> 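Below: one structure in structure tokens.
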Amino acid sequence: MNENEARLFSATERTLPDATQLPVKMLLKSLYVKLRRHLGGRRLESSARMVWTLDAVSDASGPTAAVRNYLDQRTIRNIVSQFAHTATLQRACEVGCGYGRVIMVLKEFAAQVKGFEREEDLVRIARKLQPEIEFEHVGALTEIRDSAEYDLAMMCTVLQHLSDDDARRVCGVLRTLAPHGHVLLIEKTEPFHITENVTDGARFISRARSVETYADYMKPFTLVSVAPRVLEPTYPNPKPGSCMLFRSPELHSA
């Protein structure tokens with residue numbers, strides 16, 4: 001937009017994605033969806049699951065997203081380097097990888113890296129951006145089957161959006177994927193302001209579970225380290241989550 005058009009928007013609005021670039025057809029569809037929701041669409045479609053789009057994967061955009069991605073990638077790199085220097089990682093994977101926001105860090109440590117994702121649109125983006133990594137579209141994160149065995153299985157801010165039952169099942173999937181290796185969970189572990197015990201799977205769930213709860217979900221894997229998740233200083237929650245590294249009992253005995 002030019003300087004005369006920019007004056008129509010506040011300083012805050014000018015930091016948001018430029019909606020004026022959207023095609024008219026898309027704007028009309030967006031207005032239709034808003035009207036549907038206002039007239040009871042959420043209630044009428046309560047059984048429909050939430051679809052994770054680019055905006056939903058990370059509640060940050062522009063400069064904020066760039067800083068957040070760097071901080072998350074740096075944290076993962078520091079944690080994995082604690083054990084990767086003593087054991088070569090042949091395979092690593094991320095479950096619920098989205099469009100591949102942080103999975104590229106695993107490529108620094110493992111020869112083969114794979115991402116599992118439920119949303120087909122996000123898989124399509126990931127494949128184009130990172131062709132050196134394999135991405136698989138799965139019907140559900142709770143039902144992943146893979147004949148390969150991974151040295152590291154990672155999940156970043158996904159379990160906090162699942163019900164208790166599904167979170168337990170996905171932890172079981174992670175243990176199965178890395179039966180002789182490590183599992184890294186990065187999740188919200190302390191509630192912040194709003195009530196976070198939402199149990200309706202068709203709605204947006206954002207639930208903080210304690211480190212002890214995840215340690216229970218991951219048994220018989222052992223919790224070997226916990227580090228704080230570090231985000232940009234403008235993030236409202238001063239304790240956005242914990243990075244929890246678990247080790248297989250098979251690896252420990254070996």
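Bear in mind the structure is a predicted one, so any value in this text is a computation, not a measurement.
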> Going by the side chain to side chain donor-acceptor pair (under 3.5 Å) test, name the single residue among N237, T75, D72, T189 that passes it with R229.
D72
> If you apply the rule salt bridge (Lys or Arg N to Asp or Glu O under 4.0 Å), what do you find for D121 with R124, and how did you get there?
CA-CA 5 Å; D121 289 342; R124 189 177 299 112; 2.9 Å; yes
> To check you understand the geometry: which heavy-atom pair defines the closest contact between T64 and A60, and what is its length?
CG2-CB, 3.7 Å
> Might you point out which heavy atoms bring R101 and Q73 nearest each other, and give the distance in Å?
O-NE2, 3.0 Å
> State yes or no: do Y99 and V51 share one hydrophobic cluster built from I, L, V, M, F, W and Y residues joined by side-chain heavy-atom distances below 4.5 Å, directly or via other members?
no
> With no hydrogens and no angle check, do the side chains of E117 and H137 hold a donor and an acceptor under 3.5 Å apart?
no
> For C93 and L177, which heavy atoms make the closest approach, and how far apart are they?
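Of all heavy-atom pairs spanning C93 and L177, the closest is SG-CD1, 4.0 Å.
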> Out of M154, M218, M155, which one pairs with V183 under the side-chain contact (heavy atoms from CB on, under 4.5 Å) rule?
M218
> Quick one: CD1 on I125 to CD on E120, what's the gap to the nearest 0.5 Å?
11.5 Å
> If the threshold is 4.0 Å, N to carboxylate O, is there a salt bridge linking E136 and K114?
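A salt bridge links E136 with K114.
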> Determine whether D59 and Y235 make a side-chain contact, defined as any pair of heavy atoms from C-beta on separated by less than 4.5 Å.
yes
> Between atom CZ of F83 and atom CG of L152, what is the distance when rounded to the nearest 0.5 Å?
4.5 Å
> Where the side chain of S248 meets the backbone of E250, is there a donor-acceptor pair that is under 3.5 Å apart?
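Checked: pair present.
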> Pairing donors with acceptors under 3.5 angstrom, does anything connect the side chains of T157 and K188?
no
> Nearest 0.5 Å please: distance from the CZ atom of F246 over to the CG atom of L223.
4.5 Å
> Mind checking salt bridge (Lys or Arg N to Asp or Glu O under 4.0 Å) for R91 and listing every partner two or more places apart, or none if nothing turns up?
none
> Rounded to the nearest 0.5 Å, what separates atom CZ in R127 from atom CG in L122?
11.5 Å
> Where do C156 and E187 come nearest, in terms of heavy atoms and distance?
C-OE2, 4.2 Å
> Do the ring planes of F116 and Y150 sit parallel (below 30°), tilted (30 to 60°) or perpendicular (above 60°)?
perpendicular
> Specify the closest pair of heavy atoms between I79 and C243, including all atoms of both residues, with the distance to one decimal.
CD1-CB, 3.3 Å
> Using the test side chain to side chain contact (heavy atoms under 4.5 Å, CB included), find all partners of P220 that sit at least two apart in sequence or belong to another chain.
R175, P249
